[in-house]
Visitor: 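Once you've had a glance at the structure underneath, I'll fire off some questions.
We count ligands from 1, going down the list as the structure has it; atoms in each ligand are counted the same way.
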Amino acid sequence: MEETKKTLYSGIQPTNNLTIGNYIGTLQSWRNLQENYNCIFAAANMHAITVRQNPAELRQKTLALIALFLACGVDPQKSIVYVQSHVPAHAELCWALNTFTYVGEMERMTQFKDKSARHAENINMGLMDYPVLMAADILLYQTEIVPVGLDQRQHLEIARDIAQRFNNAYSPTFTVPQGLYPKVGAKICDLLDPAKKMSKSAENPNGSVFLSDDRDTVIRKLKRAVTDSENSVRYDPENKAGVSNLLTIYSAFGGKSIEEAEREFDGKGYGDFKLAVGEVVADRLAPLQAEQQRLLADKDYLNSVMLDGAQRAEKIARKTLSKVYKKIGFYQV
Ligand code: TRP
């Protein structure tokens with residue numbers, strides 16, 4: 001890792017059914033972030049088990065996520081790519097940080113409250129401890145930058161609070177991380193309910209295009225996207241939310257500006273327009289999926305990437321953990 005670059009950390013849960021919104025908002029940017037930062041990208045499988053998982057699926061999805069990272073242009077030589085559970089320091093630091101975190105502040109976290117409502121039959125300690133594990137992820141690597149969406153902002157704030165609390169109790173130990181917030185603009189909404197953000201867990205899966213959707217599915221979903229009765233392809237998010245969302249998708253995937261897209265479909269009907277959006281998305285997903293499949297067929301290579309990533313991560317993480325253990329008074333031999 002280069003000394004002069006700042007460290008950037010990000011993780012994705014392998015159980016997230018990623019949408020084209022996640023691709024545009026997050027994954028797509030990772031390739032370029034590698035030029036400016038020392039990047040560490042994790043498959044957060046320890047976070048995933050805070051809701052019940054099918055073990056065989058979790059294993060498969062972890063592998064598929066690592067393959068997806070690489071298919072999106074993450075270079076495992078430039079960046080550290082690894083699986084969270086392969087580096088035991090995460091669980092260890094989480095435990096120590098638990099003693100610097102208050103039950104009350106965890107009970108107040110928005111995501112904890114949401115998930116408790118959705119998984120009322122399994123409000124386990126891990127669900128509540130989720131933000132502390134995430135703080136451990138970030139703080140272990142002396143991370144300076146964490147790219148986060150709105151939903152993770154509160155978790156990053158807690159990580160900063162915990163770092164400062166620990167630093168104040170002892171002496172500077174952790175770098176206090178900063179958020180890198182995506183530029184507004186390319187927010188992708190649900191195809192059937194454009195007032196909502198496109199989500200991995202939408203009630204109706206036809207409102208979301210998943211990165212794993214095949215060509216026919218993508219085209220069918222876009223064909224069914226809601227528009228309006230005006231039959232004019234014009235960007236006007238307030239009055240034409242559906243059409244504007246489709247223009248955003250077309251622009252993001254086709255590499256054209258919104259104005260160019262408007263001109264291209266001037267005088268054309270919604271049928272032609274929706275088909276074109278579907279095609280541009282499917283054309284972009286096809287090589288990504290093909291590369292992911294190619295990598296998945298080479299398990300030895302993926303294993304070697306994960307192993308190498310975990311070893312490099314472990315080295316950095318151990319250093320931080322050892323500092324923490326020293327400060328809190330753990331006898332070390
Ligand atoms: N909680 C994040 C999510 O679900 C994933 C995650 C785990 C993460 N550890 C992280 C993100 C550390 C940023 C930094 O999206």
Visitor: Above 12 or not: heavy atoms from other molecules or residues under 6.0 Å from NZ of Lys197?
Guide: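 Not buried by this count: 12 neighbours or fewer within 6.0 Å.
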Visitor: Taking only residues two or more places apart in sequence, or in another chain, which ones meet Arg224 in a salt bridge (charged side-chain N to carboxylate O under 4.0 Å, His left out)?
Guide: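 None.
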Visitor: Verify the ring-centre separation between Tyr130 and Phe112: is it less than 6.0 angstrom?
Guide: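 Between Phe112 and Tyr130, the centre distance exceeds or equals 6.0 Å.
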Visitor: Do the two ring centres, one from Tyr270 and one from Phe265, sit under 6.0 Å apart?
Guide: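 Centroid separation for Tyr270 and Phe265: 6.0 Å or greater.
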Visitor: Give a table of atom pairs where an N or O of ligand 1 lies under 3.5 Å from a protein N or O.
Guide:
unit_1, atom_1, unit_2, atom_2, d
ligand 1, 1 (N), Tyr130, OH, 2.7
ligand 1, 1 (N), Gln152, OE1, 3.2
ligand 1, 4 (O), Gln13, NE2, 3.1
ligand 1, 4 (O), Tyr130, OH, 3.0
ligand 1, 9 (N), Asp137, OD2, 2.7

Visitor: Which class fits the ring pair His90 and Tyr9: parallel under 30°, tilted 30 to 60°, perpendicular over 60°?
Guide: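 Rings of His90 and Tyr9: tilted, as their planes differ by 30° to 60°.
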Visitor: Report yes if the side chains of Tyr301 and Leu70 come closer than 4.5 Å at any heavy-atom pair, otherwise no.
Guide: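 Side-chain contact under 4.5 Å: yes.
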